[in-house]
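Indexing begins at 1, ligand by ligand and atom by atom, following the structure's order. Remember, predicted model here, so these are calculated numbers, not experimental data.
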Amino acid sequence: MDRQRLGHRRPREASRFPRVHVEIITIGDELLLGHTIDTNGAHLGRALAALGVAVTRRTVVSDDADAIADAVSTALGRADGVITTGGLGPTSDDRSKPAIAALFGRTMALHEPTVERLHARWAARGLPGELPAANRQQAMIPSGAAILENQHGTAPGIWIENDRGGWVAMLPGVPREMRGMLADALLPRLAVMVGNDPPVIRSRMLRLTGIPEARVADVLRDVSIPTPLALAYLPGWEGVDLRLTSSTLPAASADACLAAGSAVVRAALDEFVYADRDIDLADVVVAALRGRGWTIGVAESCTGGLLGARLTAMGGASDVVRGGVIAYHNEVKTSLLGVPEEVLAAHGAVSVEVAAAMATGARSRTGADVGVGITGIAGPAGATPGKPVGTVCIAIETPAGAVSEAGHFIGDRDEIRRRATQAALAQVLFAASRTSVDACT
Ligand code: ATP
Ligand code: MG
């Protein structure tokens, strides 16, 4: 029955992907229950893409032998090979090996070199007594299977092939062991299968802020992205990340195509693009300020130091960041930033006037070139008529002038604070670049 199930291999559709197709199955009740995050799946995805192997599906299954056999059998019906993680250990909930051996119609046999290695390991660690029977269990492998050496733990990995060339590689669940075995034993095997100059999966990211996802989509409707590239929209509180991915070309052509695609997108949306790789807007802002020879000081109310934290997250920012004040209470806005009491009384703490006075105070009290003031209602309480939760006023004062604006941000308290911080950074970047443009003309 099992052999029959393994024999059903559906013909593959026209390929969008590199030549070796793999499915990943991560095994463990703890993954399904959400107690453990499936970092093994993510690591495998990245490592295989870098090698030019296409991961076409990821499945998470319980420690149940039938569930494991069923998932492996179904996956082998679609892909060239399957990589499993977990369930290789010496304990009663580790059922991957016998389940997959049964699926391949193999018996289990003791692998003597592994027994010897486990004995040696036991002795070398100075552990008392004999090797536990449970560890001997780890040396049982399906007949006809090959061992993937584990230099980082006890359980050996297994490589097993059927007569149609379909294969399953079983890796341990412990992430450190899994990563080690993947690098030492499995990736070299897969590299041989992939061959020379294979199609690789490569991506390039453009990071945008200050524009909603739907408007990005509108703009890009009229832009032709070079054909083999796939475009993904990744919206979040930081803005919209656009990821271009090449999955059918060899490395050199993929890079050229991604560069061309990125240039086309950039040309259409340049004013919103702050990075073409995975870096924080704050780091771009610090670099832009450094380029202008400007320093910055911040005054934060509702963001409570988030802006200062991000500006100082990268080492070496002290030539740019002068300091800041968390002015949460009105008295602190007055005493440490010099916000006039009359302005607070006339307009309320959440107002463009107070934000502007905070920016002025941040600039003068820290001796910086650029001052930022942020005041708003992050919620859940604090809304007043005309000022709903999410209202945040952001002011920037630079040697070239000042601007103070009210905005409205969506989300819960945490998200409103993060979105407001991001908007303030975007305004600083805009102010810094605009002045540099002015200086050139
Ligand atoms: P061992 O030899 O230690 O028993 P094993 O191969 O049997 O290893 P599991 O028992 O399934 O692996 O898992 C061992 C540990 O690794 C678990 O505590 C779990 O937290 C972690 N783990 C398992 N699978 C994953 C995964 N996909 N991502 C991240 N961690 C995982
Ligand atoms: Mg487990």
Side-chain angles (χ1 to χ4, degrees), residues 22-50 53 55-72 74-75 79 81-103 108 110-111 113-122 124-125 127 131-142 145-160 167-187 190:
V22 164
E23 294 201 14
I24 295 170
I25 300 174
T26 52
I27 298 162
D29 291 349
E30 70 277 15
L31 303 172
L32 287 171
L33 292 171
H35 296 165
T36 301
I37 307 261
D38 178 14
T39 56
N40 284 350
H43 181 84
L44 280 164
R46 286 192 298 269
L48 295 171
V53 170
V55 176
T56 48
R57 192 177 298 227
R58 254 165 71 183
T59 310
V60 182
V61 295
S62 76
D63 289 306
D64 177 73
D66 285 341
I68 296 169
D70 194 57
V72 170
T74 313
V82 175
I83 300 174
T84 67
T85 80
L88 281 190
T91 55
S92 59
D93 60 348
D94 293 321
R95 305 201 178 91
S96 301
K97 269 188 306 183
I100 295 168
L103 181 68
M108 299 291 283
L110 195 67
H111 188 249
T114 297
V115 181
E116 276 161 34
R117 186 177 65 80
L118 293 180
H119 271 300
R121 198 181 146 91
W122 188 262
R125 292 176 70 190
L127 295 168
L131 185 72
N135 275 129
R136 284 181 72 86
Q137 185 64 26
Q138 291 186 296
M140 296 294 287
I141 72 159
I147 290 285
L148 301 171
E149 289 288 342
N150 189 345
Q151 295 169 25
H152 311 268
T154 52
I158 308 285
W159 173 278
I160 184 167
W167 52 267
V168 178
M170 294 176 236
L171 305 182
V174 178
R176 188 180 49 82
E177 294 184 28
M178 191 285 296
R179 290 195 299 267
M181 191 183 290
L182 176 70
D184 299 341
L186 185 54
L187 290 182
L190 296 179

With atoms numbered from 1 as shown, which atoms in ligand 1 lie under 4.0 angstrom from a non-hydrogen atom of [X]?
| X | answer |
| --- | --- |
| Pro172 | 6 (O) |
| Leu88 | 5 (P), 6 (O), 7 (O) |
| Ile37 | 28 (N), 29 (C) |
| Glu30 | 17 (C), 19 (C), 23 (C) |
| Thr36 | 20 (O), 29 (C), 30 (N), 31 (C) |

Do ligand 1 and [X] have nitrogen or oxygen atoms that lie under 3.5 Å from each other?
| X | result |
| --- | --- |
| Gly86 | no |
| Thr154 | no |
| Asp38 | yes |
| Gly87 | yes |
| Gly173 | yes |
| Thr39 | yes |

Handout entry: Nearest non-hydrogen partners of Ala155 and Asn150, listed with the distance
Key = O-ND2, 2.7 Å
Exercise for the section: Looking only at non-hydrogen atoms, find the nearest pair between Leu103 and Ala69 and report the distance. Expected result: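 Closest approach of Leu103 to Ala69: CD2-O, 3.6 Å.
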Practice task
Please answer whether the main-chain N or O of Asp63 pairs with a side-chain N or O of Arg95 as donor and acceptor at a distance below 3.5 Å.
Solution key: yes
Just so I know, are the side chains of [X] and [Y] near enough to count as touching, which here means a heavy-atom distance under 4.5 Å?
| X | Y | result |
| --- | --- | --- |
| Asp66 | Ile68 | no |
| Met181 | Pro172 | yes |
| Leu118 | Arg136 | no |

What's the separation between atom [atom1] in [X] and atom [atom2] in [Y], rounded to the nearest 0.5 Å?
| X | Y | atom1 | atom2 | result |
| --- | --- | --- | --- | --- |
| Thr154 | Gln137 | OG1 | CD | 12.0 Å |
| Leu171 | Leu44 | CG | CG | 6.5 Å |
| Thr114 | Glu149 | OG1 | CD | 6.5 Å |

Exercise for the section: Using non-hydrogen atoms of the residue, decide whether Val60 is closer than 4.0 angstrom to ligand 1. Expected result: no
Exercise for the section: Answer with yes or no whether Gly28 contacts ligand 1, where contact means a heavy atom under 4.0 Å from a ligand atom. Expected result: no
Problem - Region of Leu31 engaging ligand 1 - heavy atom pairs below 4.0 Å - result: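 Under 4.0 Å from ligand 1, Leu31 contributes side-chain atoms alone.
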